Amino acid sequence: MQAVYFEEFGVLPVLREVPEPRLSAAGVIVRVEATGLCRSDWHGWQGHDTDIALPHVPGHELVGVIDAVGPLVRRFRVGQRVTVPFVCACGDCPECDAGNGQVCRNQTQPGFTHWGSYAQRVALHNADVNLIAIPGDLDAGAAALLGCRFATSYRGLVHQAGLQSGETLVVVGCGGVGLSAVMIGQALGATVIAVDISTDALDAATRVGAAHVVNSSGLGDADVVQRIRALTPDGSGAQVSLEALGREHTVAIGIRSLATRGRHVQIGLLADDPRMPLGTVIARELTVLGSHGMPAHDYPALLELVVSGRLRPHDLISRRITLAEAPAALAALSTPGAPAGVTLIELD
């Protein structure tokens, strides 16, 4: 089969013929219909993820049709259209028994622990606890983005922060994850304030539901916080903030934008552990929450939002490319000023 493949970190991947994926007894082989180009894939290609063994095929945000089923699979069959969380659970460990497969101690991740979805076919493990059936008429981009960006933002806002209708949400960083959070916040009835240095990104945030935007380019962090808080009722701050960029100073902006007893959700990945304004956390009794994907059993409510039309993930797709164009698109994430929105790699 054809796949995007690299043998050295940081060296431009190539499209080439590679061996077919191996079917596990409890797993499936999925013929990939579409897969998202995600910054996490870029981090993996750069060598920032210790799970990746070379040579490697990236890709973790996908939708496709089952081509083969292992002998232990009971809930799925050949021909079904499915997606999968980017964190695949084992189904047997204490975390999985407690319903927290997103932090499974034996987790697998396509595109990280094994070859991923920048390929014609991909192996997915422990199918019965990880696959999510997808309606045949759902846009491929909408379906693929449920695997990572939307699921991560949805769980962070709904299950971790408990975002409520009428609350104010600050989203710092309006890439794919941040824009997903803007859309979800708006769909849930929150007033969303989007923060970024890119006018294009902020325009995209406005299109998908942000009530206010703050262009932080050229501003000091204190000025950014002041502008955010001025947009909240009585200037008291937001109830929830979400950081989707992964920078020490933007984490601090999110935390300092919160009202008393506010909740901060950290999704952006950081190369090093940041210093945090813990004095503010203590004084305002703030809560800082991590969010790392979402288990398959929690997908129905998110999928219902999408099927109902209240949430339209495909509206974030700004570019649709072929598998042959994926290496250059991945490399382009190394340079600042990437286009706003999400790039989708289409195979069918």
Side-chain angles (χ1 to χ4, degrees), residues 1-38 40-45 49 51-73 76-88 108-127 130-134 136 138-141 143-148 317 319-333 342-348:
M1 68 171 185
Q2 286 199 314
V4 173
Y5 170 97
F6 61 88
E7 295 183 335
E8 296 180 59
F9 294 121
V11 175
L12 187 69
V14 296
L15 181 65
R16 57 166 283 182
E17 292 290 324
V18 301
E20 292 281 346
R22 184 176 300 175
L23 178 66
S24 57
V28 298
I29 302 298
V30 168
R31 174 171 47 84
V32 179
E33 180 183 347
T35 184
L37 181 79
C38 182
S40 296
D41 301 321
W42 179 87
H43 280 289
W45 169 53
D49 193 302
D51 286 331
I52 293 177
L54 297 174
H56 191 64
V57 172
H60 64 282
E61 192 176 46
L62 67 116
V63 64
V65 175
I66 298 174
D67 257 2
V69 174
L72 300 182
V73 176
F76 295 90
R77 65 184 186 280
V78 170
Q80 276 188 285
R81 192 182 193 218
V82 296
T83 189
V84 67
F86 78 93
V87 176
C88 291
T108 58
Q109 297 184 24
F112 297 96
T113 61
H114 62 286
W115 284 12
S117 55
Y118 286 16
Q120 291 177 310
R121 284 171 290 283
V122 62
L124 302 174
H125 305 310
N126 301 307
N130 290 307
L131 298 190
I132 301 107
I134 294 295
L138 185 63
D139 179 85
L145 298 186
L146 297 182
C148 177
I317 298 170
R319 187 167 57 137
R320 296 175 186 251
I321 64 174
T322 66
L323 195 60
E325 295 172 294
L330 184 66
L333 295 179
V342 172
T343 296
L344 184 74
I345 303 165
E346 295 183 312
L347 288 89
D348 283 0

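Along the sequence shown, residues carry numbers from 1. These values consider heavy atoms only, across backbone and side chains, with no hydrogens, waters or symmetry-generated copies. What you see is a predicted model; the values in this text were computed from it and never measured.
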Please evaluate residues H125 and S24 with respect to the criterion side chain to side chain donor-acceptor pair (under 3.5 Å), reporting the C-alpha separation (whole Å), side-chain torsions for both, the decisive distance (0.1 Å), and the verdict. CA-CA 7 Å; H125 305 310; S24 57; 3.1 Å; yes

CG/L54 to CZ/F6 distance, rounded to the nearest 0.5 angstrom? 6.0 Å

Stepwise side chain to side chain contact (heavy atoms under 4.5 Å, CB included) test for R16 and Q2: CA-CA 5 Å; R16 57 166 283 182; Q2 286 199 314; over 6 Å; no

To the nearest 0.5 Å, atom CZ of R81 lies from atom CD1 of I134 at 7.0 Å

Answer whether the closest heavy-atom distance between the side chains of I345 and T322 falls below 4.5 Å. no

Please check this pair: side chain of T113 against backbone of D51, looking for a donor-acceptor N/O pair closer than 3.5 Å. no

Check ion pair D139-R320 (N to O, under 4.0 angstrom): yes

Do R31 and Q120 have side-chain heavy atoms sitting under 4.5 Å apart? no

Whether H60 and F86 hold their rings parallel, tilted or perpendicular, with breakpoints at 30° and 60°: perpendicular

Y118 and V57 have their tightest heavy-atom pair at O-CG1, 3.7 Å

What one should report as the nearest heavy-atom pair of I321 and A329 is CD1-CB, 3.7 Å

Tell me if a side-chain donor or acceptor on W115 pairs with a main-chain N or O of E20 at a distance below 3.5 Å. no

Starting at CG of L146, measure out to CG of L62 and round the result to the nearest 0.5 Å. 11.0 Å

P110 and C88, any side-chain heavy atoms less than 4.5 Å apart: yes

Do other residues, nucleotides or ligands put more than 12 heavy atoms under 6.0 Å from the CZ atom of R22? no

How long is the straight-line distance from CD1 of I66 back to CG of L124, given to the nearest 0.5 Å? 8.5 Å

Shortest non-hydrogen separation from A143 to V63 and the atoms involved: CB-CG2, 3.6 Å

Would L145 and E61 count as a side chain to side chain contact (heavy atoms under 4.5 Å, CB included) here? Give the steps. CA-CA 6 Å; L145 298 186; E61 192 176 46; 3.6 Å; yes

Atom NE2 in H56, atom CZ in F9: separation rounded to 0.5 Å? 8.0 Å

Kindly check if the number of other-residue, nucleotide or ligand heavy atoms within 6.0 Å of CD (E8) is above 12? no

Looking at CG of D67 and CD of Q80, how far apart are the two atoms once the value is rounded to the nearest 0.5 Å? 13.0 Å

So, the side chain of H114 versus the backbone of A123: is there a donor-acceptor pair under 3.5 Å, distance only? yes

V87 to N130 - nearest heavy-atom pair and separation: O-OD1, 4.3 Å

Testing the basics here: between A3 and V18, what is the closest heavy-atom pair and its distance to 0.1 Å? CB-CG2, 3.7 Å

Please assess L330 against W42 for the test side chain to side chain contact (heavy atoms under 4.5 Å, CB included), listing each intermediate value before the final yes or no. CA-CA 6 Å; L330 184 66; W42 179 87; 4.1 Å; yes

Between T35 and S117, the two heavy atoms sitting closest are OG1-OG, 2.8 Å

Worked verdict on V82 versus F76 for side chain to side chain contact (heavy atoms under 4.5 Å, CB included): CA-CA 9 Å; V82 296; F76 295 90; 4.2 Å; yes

